[in-house]
Undergrad: 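If you scroll down you'll find the structure; I have some questions about it.
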Amino acid sequence: MSMIDKRGTLTKHGSRTYRRRSRNSIKNIAIHHSATTSGSAEAFARYHVNELGWPGIGYHYVVDKEGKVSLCHDLEVVSYHVGNSNGFAVGICMVGNFQTESLGDAQRNATILLTRRLMNELNITVDNVWGHTEFPGYSWKACPSINMETFRSQLLNEGGAVTSLEGNSSSYVSGERQRTYLSRGDQGDDIKALQERLDSLGFLPGPIDGIYGPRTYDAVVRFQRTVEIGVDGIVGPETRAALRDYKGEPEMIEHGSPTDEPDENEEVFSSESRRMLRFIQPMMRGEDVREVQQKVGAMVDGMYGEETTQNVRDFQREHSLLVDGIVGPRTWRALDRIRRTNGVGYRRLLSVQTPYLRGDDVKRVQRALNVETDSLYGPITERSVRNFQRSEGIVVDGIVGPQTWERLFT
Ligand SMILES: [Zn+2]
């Protein structure tokens with residue numbers, strides 16, 4: 001691996017400087033692509049400083065197509081590339097746009113060698129080598145547009161020749177033995193090929209495991225919606241053809257965007273007036289957390305914990321959002337939209353009756369108790385209400401009256 005030390009030679013801001021950290025605060029290695037077909041450390045530095053006003057280039061390393069590595073910063077420098085995760089991440093940028101071109105062996109090998117070296121030096125495991133899109137708040141971003149599961153398995157493939165494991169992603173469209181329709185529950189190589197194709201197009205189907213699970217389904221639905229064909233989550237001839245022919249929209253210049261910059265108090269979205277909320281320790285607290293809890297039917301205690309995360313995930317699933325338990329701009333927007341319909345207040349005593357009581361108030365109770373949200377107040381809901389009442393130390397009668405409602409939601 002050939003490395004060129006460019007520290008101190010690249011364009012820098014006249015007055016702003018990046019802060020520094022100790023090496024042991026580094027927990028992640030972040031992989032990026034530049035989303036441009038050409039580029040260099042010099043060009044990215046100019047862009048980051050002159051256009052974005054950053055203290056210096058965003059990446060610690062830039063790997064070009066021939067596999068030459070540019071060293072841009074000490075590892076102690078907290079440069080900008082993954083927003084609020086910058087403090088504990090090292091950034092490697094591969095020059096190229098892997099949504100439209102494929103990653104060549106020289107560049108891949110150099111990136112793998114560099115990453116392995118950093119893993120050793122910083123004592124970072126392969127599980128903590130993440131693509132940009134895998135960092136909290138970035139699930140909407142198609143960077144680095146390579147299959148990270150494959151990349152991680154190549155990192156582990158110690159000693160052996162590092163060769164491309166990714167097959168021709170379009171092979172699944174022409175095979176003879178392939179099934180005509182692919183849908184949930186199917187397994188096999190054709191599913192794997194489907195996942196690879198979705199992945200390469202930036203639709204993020206999750207692990208490339210050959211199993212048509214919920215994340216693959218979700219990716220297919222998003223793809224169908226994007227290309228405006230029938231949205232059924234089933235890959236038939238029409239979807240297959242669309243997958244083959246899809247060119248995608250040219251991505252905005254990725255090699256750094258304002259969202260990669262951390263915010264004043266580390267948690268605020270620069271593009272939004274509200275914070276990104278997620279489950280971290282210590283837990284995030286505040287009025288915005290309470291607002292989310294009210295809307296997703298979680299216990300309103302103002303702390304973003306496990307229950308809130310789970311309810312946010314349910315909410316995201318119901319609204320066809322990416323299910324990550326993180327309240328970012330898209331989830332905030334969806335929460336805003338349902339404000340009026342979902343914010344059901346206390347209406348009536350809820351108990352098991354024949355026929356079962358039905359309604360949004362029942363659904364809200366069910367969501368808060370983590371039972372199936374069928375909106376019908378049946379025996380399972382009643383049992384959960386009893387358990388909840390017992391844990392709260394109030395009268396255990398399986399009936400939701402004002403007191404139980406209040407305990408559940410305020
Ligand atoms: Zn990136």
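Every heavy atom of this structure was used, including side-chain atoms; hydrogens, water molecules and symmetry mates were not. As the structure lists them, so they are numbered: ligands from 1, and atoms in each ligand from 1.
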Undergrad: In H32, the N, O or S atom nearest to the Zn ion (ligand 1) is which?
TA: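 Closest to the Zn ion (ligand 1) among those atoms: ND1.
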Undergrad: In chain order, what residues pass the salt bridge (Lys or Arg N to Asp or Glu O under 4.0 Å) check against D127, with sequence neighbours excluded?
TA: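 None.
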Undergrad: Can you tell me if H32 uses its side chain to pair, donor with acceptor, with the backbone of Y59 under 3.5 Å?
TA: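 The answer is no, because no donor-acceptor pair under 3.5 Å joins these two groups.
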Undergrad: The Zn ion (ligand 1) and C143: any N/O/S contact shorter than 2.8 Å?
TA: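 Of the N, O and S atoms in C143, at least one lies under 2.8 Å from the Zn ion (ligand 1), which means yes.
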Undergrad: Are there more than 12 heavy atoms of other residues, nucleotides or ligands under 6.0 Å from atom CG of N123?
TA: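 No.
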Undergrad: Is the terminal nitrogen or CZ of R184 (NZ for Lys, CZ for Arg) located under 6.0 angstrom from the six-membered ring centre of Y217 and within 45° of that ring's axis?
TA: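 Yes, R184 lies over the aromatic ring of Y217.
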Undergrad: Among the N/O/S atoms of H132, select the one at the shortest distance from the Zn ion (ligand 1) and name it.
TA: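 Considering only N, O and S atoms, H132 comes nearest to the Zn ion (ligand 1) through ND1.
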